[in-house]
Amino acid sequence: MPVLTVDPRAYIRPSPSRGHLGGVTRTTNEAVLLCEAAGYNIVIVETVGVGQSEYLVSNMVDMLCLLLPPAGGDELQGIKRGIVEQSDLIVVTKYDGDLIPAARRIALEYTSALKYMRPRSRLWKPKVKLCSARTGEGLQEVWETMVKYNTVFTEKGEILNKRSAQHRLWMWSYVEERLIALIRSSENISGLSRELERAVVQGDLPPGTAADSIINAFLKT
């Protein structure tokens with residue numbers, strides 16, 4: 001980051017998540033498109049976390065890269081299984097000094113674990129690489145892997161297909177988000193919504209039935 005901040009060819013745009021789940025904000029997708037339109041041919045999206053629900057970013061990028069420290073706690077980072085299955089490249093960081101043995105062990109464990117996971121694409125099997133930001137060890141190999149991924153998917157036309165599917169997905173995501181906002185802000189059904197919420201919390205009404213009632217009431221307004 002210290003290098004990028006002083007590079008005139010780089011542009012950094014921080015985006016507070018404001019509690020939005022998925023590791024990205026609502027407008028991250030538009031920010032990516034804006035950067036591409038401005039002429040930036042490499043766009044990196046860094047998420048706020050790597051929990052099991054934090055891989056929504058995979059629906060707005062060409063390649064999902066998971067960075068893992070060598071001393072991350074439990075074996076195979078079990079809680080990250082969801083995002084591991086979505087990843088195209090896993091990079092074990094801090095591959096330097098006393099952490100080299102631990103980094104190698106983690107890399108081997110993930111390499112073995114990936115053998116039992118079905119790849120997201122028939123064109124690519126997820127890779128595991130080691131690197132150190134401090135010494136630069138492995139960075140070139142990581143970049144070459146990313147370039148190879150892009151080349152393979154571009155030649156097969158899968159990049160365009162993937163982006164088209166992502167745009168369709170985000171269109172409906174915006175529709176859902178907007179509709180929920182309209183329903184929550186509607187004064188005509190606010191009283192009904194509170195009553196149904198209490199009924200659901202008390203166990204007097206199934207959530208699905210309550211949801212149908214709210215939707216039907218909103219459609220009649």
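This is a predicted model, so every value here is computed, not measured.
- Looking only at distances, no side-chain donor or acceptor of S173 sits under 3.5 Å from a matching main-chain atom of L169.
- A distance-only check finds no donor-acceptor pair linking the side chain of T154 to the backbone of T151 [under 3.5 Å].
- Here the closest non-hydrogen pair linking S213 and L192 is O-CD2, 4.2 Å.
- Between the side chain of D88 and the backbone N or O of L64, at least one donor-acceptor pair lies under 3.5 Å.
- Hydrophobic clustering (side-chain heavy atoms under 4.5 Å, transitive across Ile, Leu, Val, Met, Phe, Trp, Tyr) keeps L108 apart from L66.
- With values rounded to the nearest 0.5 angstrom, R163 atom CZ is found 4.5 Å from E36 atom CD.
- Side chains of R9 and Y40 form no contact here, defined as non-hydrogen atoms less than 4.5 Å apart.
- In this structure, K127 places its NZ atom where more than 12 heavy-atom neighbours from other residues, nucleotides or ligands lie under 6.0 Å away.
- Neither M60 nor W172 shares a network with the other; the hydrophobic side chains, linked directly or stepwise wherever heavy atoms of I, L, V, M, F, W or Y lie under 4.5 Å apart, form separate groups for each.
- Note on I159: it clusters hydrophobically with V152, by side-chain heavy-atom contacts below 4.5 Å among ILVMFWY residues.
- When atom types are taken as modelled, the side chain of S190 and the backbone of E187 share a donor-acceptor pair closer than 3.5 angstrom.
- Rounded to the nearest 0.5 angstrom, L205 CG and Q202 CD are separated by 10.5 Å.
- The existence of a salt bridge linking K162 and D62 is excluded, since no basic side-chain nitrogen approaches an acidic carboxylate oxygen closer than 4.0 Å.
- Within a 6.0 Å radius of CG in D204, other residues, nucleotides and ligands contribute more than 12 heavy atoms.
- The shortest heavy-atom contact between S185 and A181 is OG-O, 2.9 Å.
- Counting heavy atoms from C-beta on, the side chains of M63 and N150 never come closer than 4.5 Å.
- In this structure, I215 CD1 and I183 CD1 are separated by 6.0 Å, a value rounded to the nearest 0.5 Å.
- With values rounded to the nearest 0.5 angstrom, K94 atom NZ is found 10.0 Å from L67 atom CG.
- A continuous path of Ile, Leu, Val, Met, Phe, Trp and Tyr side chains, each step under 4.5 Å between heavy atoms, connects L123 with V147, placing both in one hydrophobic cluster.
- Taking the six-membered ring where tryptophan is involved, the planes of Y174 and W170 are tilted, since the angle between them lies from 30° to 60°.
- Judged purely by atom type and a 3.5 angstrom limit, D7 has no side-chain atom pairing as donor or acceptor with the backbone of V3.
- In the hydrophobic cluster analysis, where Ile, Leu, Val, Met, Phe, Trp and Tyr join through side-chain heavy atoms closer than 4.5 angstrom, M146 is grouped together with I42.
- Between A10 and L4, the shortest heavy-atom contact is CB-O, 3.7 Å.
- Other residues, nucleotides and ligands contribute only 12 or fewer heavy atoms inside 6.0 Å of the CD1 atom of I44.
- Across every non-hydrogen atom of I189 and F218, the tightest pair is CD1-CB, 4.0 Å.
- With a 4.5 Å cut-off on side-chain heavy atoms, Y149 and L89 do not count as touching.
- Atom OH of residue Y110 and atom CZ of residue R105 lie 10.5 Å apart, to the nearest 0.5 angstrom.
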Using atom types as modelled, flag every donor-acceptor pair under 3.5 Å from a side chain in residues 128-143 to any protein atom, sequence neighbours excluded.
| residue | atom | partner | partner atom | Å |
| --- | --- | --- | --- | --- |
| K129 | NZ | E141 | OE2 | 3.1 |
| S132 | OG | D96 | OD2 | 2.5 |
| S132 | OG | R134 | N | 3.3 |
| S132 | OG | T135 | N | 3.1 |
| S132 | OG | T135 | OG1 | 3.2 |
| R134 | NH2 | D96 | OD1 | 3.3 |
| T135 | OG1 | E137 | N | 3.3 |
| Q140 | NE2 | E144 | OE2 | 3.3 |

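- Closest of all the heavy-atom pairs between R13 and A31 is NH1-CB, 3.9 Å.
- Residues V84 and I90 are in side-chain contact: their nearest non-hydrogen atoms beyond the backbone lie under 4.5 Å apart.
- Residues P126 and M117 have side chains not in contact (no heavy-atom distance under 4.5 Å, counting atoms from C-beta outward).
- Atom CG of residue L114 and atom NZ of residue K125 lie 11.0 Å apart, to the nearest 0.5 angstrom.
- Closest approach of P70 to I106, counting heavy atoms only: O-CG1, 3.3 Å.
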